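The next block holds one structure in the form of structure tokens; read it before the comments.
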Amino acid sequence: MAGCGKVLIVEDEFLVALQLEDILEGGGHAVVGTVPDQASLGTLSEAPDVALVDLNLRDGLTGPAIARQLAGTFGALVIYVTANPAQIGTPAPTTVGVVQKPFTRQSILRAISFALAGCPASERPVELEPVRCR
């Protein structure tokens, strides 16, 4: 299926991670793993195209650092999925935007499609907010 990607979920809340996995797989994407904290990043065996990154994880506010590491190591596009975008600080250099929680199936799939299409400015989904550097 065209436009499908390999997606990493960076989320510590089990039910939210399951919901994201269901949305992604239902949308034809492959989930390459779920990372609930910084230490779990070492178990990643496949490079993601896109990472959905929450900020506050099991080990604290480590989501922003994980996002920067994913961008630097794999060139993964980063979509923050959070209720607290002001906590992003310095965004990953490959940041696409922010989908605020609570999210919908459509907002996640539109954000992923936008990222995989190369982020055409004229097609930015309304639910995908630009990141504002703090």
Side-chain angles (χ1 to χ4, degrees):
M1 177 187 288
C4 294
K6 298 181 288 182
V7 184
L8 176 67
I9 298 168
V10 180
E11 173 63 62
D12 65 325
E13 292 183 39
F14 180 72
L15 293 177
V16 174
L18 280 178
Q19 181 184 18
L20 286 169
E21 186 174 338
D22 182 58
I23 289 169
L24 293 166
E25 289 177 349
H29 302 288
V31 176
V32 297
T34 299
V35 172
D37 54 33
Q38 182 80 43
S40 300
L41 193 57
T43 64
L44 187 61
S45 62
E46 191 173 356
D49 299 317
V50 179
L52 298 177
V53 181
D54 190 16
L55 303 179
N56 293 291
L57 304 171
R58 278 198 304 212
D59 52 356
L61 184 59
T62 57
I66 290 172
R68 289 188 296 274
Q69 188 173 350
L70 290 167
T73 303
F74 302 108
L77 299 171
V78 172
I79 298 170
Y80 295 100
V81 181
T82 181
N84 302 299
Q87 291 182 317
I88 292 171
T90 302
T94 57
T95 297
V96 174
V98 177
V99 174
Q100 290 218 33
K101 289 180 178 178
F103 53 80
T104 65
R105 178 182 192 282
Q106 292 79 14
S107 64
I108 294 297
L109 292 178
R110 286 179 188 147
I112 296 287
S113 293
F114 175 76
L116 292 174
C119 305
S122 63
E123 297 177 27
R124 177 179 279 278
V126 67
E127 309 93 342
L128 182 64
E129 301 170 13
V131 174
R132 306 205 190 326
C133 296
R134 304 281 182 239

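This is a predicted model, so every value here is computed, not measured.
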Of the non-hydrogen atoms in [X] and [Y], which two are nearest, and what is the gap between them?
X      : Y      : result
Pro125 : Ala111 : CG-N, 4.2 Å
Val32  : Pro48  : CG2-CB, 4.0 Å
Ala17  : Thr34  : CB-CG2, 3.9 Å

Exercise for the section: Apply side-chain contact (heavy atoms from CB on, under 4.5 Å) to Ile9 and Leu24, showing your working. Expected result: CA-CA 10 Å; Ile9 298 168; Leu24 293 166; 3.9 Å; yes

Tell me every residue that passes side-chain contact (heavy atoms from CB on, under 4.5 Å) with [X], counting only those two or more places apart in sequence or in another chain.
X      : answer
Thr104 : Gln106, Ser107
Arg68  : Pro64, Ala65, Thr90, Ala92
Asp12  : Pro36, Asp54, Leu57, Arg58

Side chains of [X] and [Y]: closer than 4.5 Å at any heavy-atom pair?
X     : Y     : value
Val16 : Val81 : no
Phe74 : Leu8  : no
Leu70 : Val10 : yes

Nearest 0.5 Å, what's the [atom1]-[atom2] distance between [X] and [Y]?
X      : Y     : atom1 : atom2 : answer
Leu55  : Thr62 : CG    : OG1   : 9.0 Å
Ile66  : Leu44 : CD1   : CG    : 11.0 Å
Leu41  : Thr43 : CG    : OG1   : 7.5 Å
Phe103 : Leu52 : CZ    : CG    : 8.5 Å
Ile112 : Leu77 : CD1   : CG    : 9.0 Å
Glu13  : Gln19 : CD    : CD    : 10.5 Å

Practice task
Walk me through it: do Val98 and Leu128 pass the test side-chain contact (heavy atoms from CB on, under 4.5 Å)?
Solution key: CA-CA 5 Å; Val98 177; Leu128 182 64; 5.8 Å; no

Exercise for the section: State plainly whether one hydrophobic cluster holds both Val78 and Leu61, where clusters connect Ile, Leu, Val, Met, Phe, Trp and Tyr through side-chain heavy atoms under 4.5 angstrom apart. Expected result: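 Same hydrophobic cluster.
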
Exercise for the section: Look only at the side chain of Thr94 and the backbone of Ala76, and say whether a donor-acceptor pair between them is shorter than 3.5 Å. Expected result: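 Yes: the side chain of Thr94 pairs with the backbone of Ala76.
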
Exercise for the section: Check whether any side-chain N or O of Asp49 sits under 3.5 Å from a backbone N or O of Gly5 as a donor-acceptor pair, and report yes or no. Expected result: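 No, Asp49 side chain to Gly5 backbone: no donor-acceptor pair under 3.5 Å.
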
Exercise for the section: Kindly state each residue pair satisfying side-chain hydrogen bond (donor to acceptor under 3.5 Å, both in side chains) with at least one member in residues 73-85, sequence neighbours excluded. Expected result: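 For residues 73-85, and leaving out neighbouring residues, there are no side-chain hydrogen bond (donor to acceptor under 3.5 Å, both in side chains) pairs at all.
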
Problem - Residue pair His29, Leu116: steps toward the side-chain contact (heavy atoms from CB on, under 4.5 Å) verdict - result: CA-CA 11 Å; His29 302 288; Leu116 292 174; 3.7 Å; yes

Handout entry: Inter- and intrachain pairs under salt bridge (charged side-chain N to carboxylate O under 4.0 Å, His left out), touching residues 117-129, at least two apart
Key =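 Pairs touching residues 117-129 that pass the test: Arg110-Glu127.
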
Problem - Which residues share a side chain to side chain donor-acceptor pair (under 3.5 Å) with Ser40, sequence neighbours left out - result: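 Expected list: Asp37.
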
